[in-house]
**Q** 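Handing you a structure now.
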Amino acid sequence: MTINQSGWKPEMAVKGADAAAPTFTGNKALMLEEPLIFEIGSTETTGVDFAEGDVKHDRLGDLTRKAPIGLPGLSEPETVRHYTRLSRQNYAIDLGLFPLGSCTMKHNPRLNERMARLPGFADVHPLQPVDTVQGALGVINELAHWLITLTGMHGVAMSPKAGAHGELCGILCIKAALEARGEGHRKVVLVPESAHGTNPATAAFAGFTVEDIPATADGRVDTAALKARLGPDVAAVMITNPNTCGLFERDLKDISDAVHAAGAYVYCDGANFNAIVGRVRPGDLGVDAMHINLHKTFSTPHGGGGPGSGPVVLSEALSPFAPLPYTARTADGHVHLIEEERTEEFSNEHFGGKLDSFGRMTAFHGQMGMFTRALTYILSHGADGLKQVAEDAVLNANYVLRSLEDVLDAPFGSAGPCMHEALFSDSNLAEGFSTLDVAKGLIDEGFHPMTVYFPLVVHGAMLVEPTETESKAALDQFIGALRSVAERAKAGDASLKSAPHFAPRARLDETRAARKPVLVWKDAEPQAQAAE
Ligand SMILES: *Cc1c(COP(=O)(O)O)cnc(C)c1O
C-alpha cells in the first residue's frame with residue numbers, strides 16, 4: 001500500500017471569493033478547499049491492503065480488461081476527508097429549513113431511522129425463504145393496509161420505487177384495464193397545465209398521446225375545457241392534487257364523475273398528499289390510481305439522502321391489474337408473498353378475487369428501509385397526528401404566503417389560502433432582475449433556494465414549501481432572509497446579480513453547464529475543468 005503524500009499542490013489554492021481578505025491556501029474559516037478526486041488521487045494509491053489475487057482462470061474470456069481502469073485511489077483517511085469535506089459544502093434538511101417546493105423536505109425523525117436499522121429489517125435478503133422474513137413481510141402488509149385506509153382506496157401496489165415510477169405503474173394498470181375491456185384504442189391522456197412535469201412524461205412513455213388542458217386564472221384546472229375534450233379516444237386524465245400551484249383542485253369529484261361517464265380513468269398525482277393526509281380521502285373523490293411518495297408525505301429521506309418509494313393506491317376497477325408481487329395475511333397470521341400468480345385463496349382484503357396482473361415493476365418487493373420508516377412515522381403519529389401534519393403544513397405555507405405577499409407578487413394570493421406551498425412570481429422585481437437572482441441571494445443568506453421557474457404556468461415562479469416540521473422561529477428566520485433579498489431585487493441592488501458571494505463556488509454559468517456539459521475528466525486541462 002502506498003500512502004499518497006502528494007495530493008495538494010500550492011497551485012491548487014483557490015482564491016477566496018472575498019478578494020479583500022484572501023488567505024494563503026484559499027481556505028476559509030475551518031473549511032478546507034477540496035480539489036477533484038482526479039487531482040488528488042493516484043492510480044498507485046489504495047485504501048486497502050490485499051494480497052495479490054490467486055485467480056487461475058477467469059470466465060470473462062475476451063471481455064477481460066486489458067489496460068488498467070485508471071481510477072484515482074486514496075488512502076482511507078484521505079477518502080473519508082475528501083467526501084466529508086464535500087458534504088460540508090452542501091445543504092441538508094438536518095441543517096435548516098429547506099424550502100424546495102413540491103419536494104416536501106421535512107424532518108426525517110430519528111425514530112424512523114432506528115427502526116429501519118433493526119437487523120431484522122436492515123439485513124434481510126429478498127431471496128430469503130418467506131418463513132424467515134415474516135416480520136418484514138408483516139411491515140409491508142401493514143403499511144399497505146394503512147395506505148389504503150388513509151386514501152380510501154381499494155388496493156395498493158407497493159413495489160414502485162419513486163413517484164414517477166408509481167405514475168408509470170398506475171398508467172400501466174389503466175392500460176391493462178382498457179385492454180381487458182377491449183378498449184385499447186383509447187390513446188389520449190389529458191394533462192392539465194397545473195400538473196407535475198412527470199405526468200405527461202409518464203403518459204408518453206407508456207405510449208399515450210398527451211394533450212394539455214389549460215388552467216384557469218385562479219390556478220386550477222379548467223373544468224369546462226376538460227369536460228369538453230372527453231370522448232371515446234380518451235384513456236385517462238392525470239391531475240395533480242393539490243396541484244403544483246399549491247392549490248386544492250376543488251372540482252375533482254365533479255371531474256371524476258365526468259371522466260368515468262366518458263369511459264376513462266382518473267389518475268391523481270398524490271405526491272402532495274402531505275397537505276391533505278388525514279383530512280381528505282382521494283378514494284372519495286373518484287380517483288382510480290394515485291401514487292404516494294413515502295419520501296415526501298411519510299418522512300423518509302430523499303434527494304441525495306436515500307432512495308424513494310412510490311406505492312400506488314388503486315380503485316376497485318384497477319386493483320385486479322396491479323403488479324406482482326403483493327402480500328396477503330391469512331387467518332392463521334402467516335404473511336404470504338404472492339409472486340407468481342394470484343389465486344382465490346390469497347385474494348386478500350386489498351385486491352378482491354380477480355387475477356389479471358399486468359406484470360412486474362421491479363425485481364423484488366420494494367424499498368424495505370422506506371417501508372419501515374414510513375410505517376414507523378404513521379404509527380408514531382396516529383390518526384390525529386397525521387391529520388395535524390396536513391394542518392400544520394398548510395398553516396406554515398400560509399404564514400409564509402401572507403408574510404411575504406407585500407414584497408413579492410403572489411399570483412394566486414387573492415384566490416384564498418394556499419395548501420402546503422406558497423407561490424410567488426418575479427413580476428414586481430426591478431428591471432433586469434429575475435427569480436434566479438433572488439434564489440442566488442438566498443444562498444448567501446444561509447438557505448437553500450426555493451424551487452424556481454416551476455410551475456410553468458407562472459412566469460418566474462418561486463415555489464416555497466416550508467413543511468409542517470418547521471417552528472415559527474425557523475419560519476421567521478427564513479421569511480426575514482427572503483424578504484431582504486426580495487427588497488434588494490426590487491431596489492435594483494447590482495451586487496445581487498453576482499450572488500452568491502459567500503458560497504464555496506460563485507455563480508456558475510448554468511446555461512453552458514446544461515448545454516455543453518463536461519462529463520469526462522481530461523487530465524490535460526485540470527485547472528480549467530476544475531473551474532467549471
Ligand atoms: C416529487 C413529485 C413527483 C415525482 O416524484 P419522484 O419520487 O421524484 O419520482 C411527481 N409529482 C409531484 C407533484 C411531485 O411533487
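Atoms within a ligand are numbered from 1 in the order they appear, just like the ligands themselves. Here the structure is a predicted model, which is why all the values come from computation and not from measurement.
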**Q** If you count the atoms of ligand 1 from 1 in the order shown, which ones are under 4.0 Å from a heavy atom of Asn293?
**A** 1 (C), 5 (O), 6 (P), 7 (O)

**Q** To the nearest 0.1 Å, how far is atom 9 (O) of ligand 1 from its closest protein heavy atom, and which atom is that?
**A**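 Here the closest protein heavy atom is Ala164 N, 2.8 Å.
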
**Q** Taking distance alone, with N or O pairs closer than 3.5 Å, would you say Lys296 contacts ligand 1?
**A**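 Lys296 vs ligand 1: N/O contact under 3.5 Å present.
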
**Q** Run the numbers for me: atoms of ligand 1, each under 4.0 Å from some heavy atom of Ala162, listed by number.
**A**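 Within the 4.0 Å cut-off of Ala162, ligand 1 contributes 7 (O), 9 (O).
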
**Q** So, regarding His291 and ligand 1 (criterion: nitrogen or oxygen to nitrogen or oxygen, under 3.5 Å), is there a contact or not?
**A** no

**Q** Pull out every atom of ligand 1 sitting under 4.0 Å from any heavy atom of Asn272, numbered as shown with elements.
**A** 13 (C), 15 (O)

**Q** Please check this pair: side chain of Thr104 against backbone of Lys296, looking for a donor-acceptor N/O pair closer than 3.5 Å.
**A**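 Between the backbone of Lys296 and the side chain of Thr104 there is no qualifying donor-acceptor contact (under 3.5 Å).
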
**Q** Just to be sure I'm reading this right: ignoring hydrogens, which of His302, His196, His295, Lys161 gets closest to atom 3 (C) of ligand 1? Compare them by their nearest heavy atoms.
**A**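 Nearest option to atom 3 (C) of ligand 1, by heavy atoms: His196.
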
**Q** When you measure from the side chain of His291 to the backbone of Gly310, do you find a donor-acceptor pair of N or O atoms at a distance under 3.5 Å?
**A**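 Not a single qualifying donor-acceptor pair exists.
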
**Q** If you measure every N or O of Asp269 against every N or O of ligand 1, does any of those distances drop under 3.5 Å?
**A**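 Yes, there is a polar N/O contact under 3.5 Å.
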
**Q** Would Asn396 and His420 count as having a side-chain donor-acceptor pair, cut-off 3.5 Å?
**A** no

**Q** With a cut-off of 4.0 Å, which atoms of ligand 1 are near a heavy atom of Ala271?
**A** 2 (C), 11 (N), 12 (C), 13 (C), 14 (C), 15 (O)

**Q** His165 versus ligand 1: do any nitrogen or oxygen atoms come within less than 3.5 Å of each other?
**A**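 No - when backbone and side-chain N and O of His165 are compared with those of ligand 1, no distance drops under 3.5 Å.
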
**Q** At a 4.0 Å threshold, what atoms of ligand 1 neighbour a non-hydrogen atom of Thr198?
**A** 10 (C), 11 (N)

**Q** What about Gly163: any of its N or O atoms under 3.5 Å from an N or O on ligand 1?
**A**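 Yes, at least one N or O pair falls under 3.5 Å.
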
**Q** Which atoms of ligand 1 have any heavy atom of Glu167 under 4.0 Å away?
**A**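 Listed by number with element: 10 (C).
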
**Q** Quiz question: by atom type and distance under 3.5 Å, do the side chains of Asn428 and Asp409 form a donor-acceptor pair?
**A** no

**Q** Without swapping roles, check the side chain of Thr297 against the backbone of Asn274 for a donor-acceptor pair under 3.5 Å.
**A**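 Confirmed, Thr297 side chain pairs with Asn274 backbone.
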
**Q** Any idea which atoms of ligand 1 are less than 4.0 Å away from a heavy-atom of Thr240?
**A** 13 (C)

**Q** Taking Thr300 for the side chain and Arg373 for the main chain, is one N or O donor matched with an acceptor at less than 3.5 Å?
**A** no

**Q** Are a donor atom and an acceptor atom from the side chains of Asn112 and Ser299 found within less than 3.5 Å of each other?
**A**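 Side chains of Asn112 and Ser299: pair found under 3.5 Å.
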
**Q** Answer yes or no: is there a donor N or O on one side and an acceptor on the other, between the side chain of Arg186 and the main chain of Val234, under 3.5 Å?
**A**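 Such a contact is found between Arg186 side chain and Val234 backbone.
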
**Q** Does the side chain of Thr202 pick up a donor-acceptor pair with the side chain of Glu167 at under 3.5 Å?
**A** yes

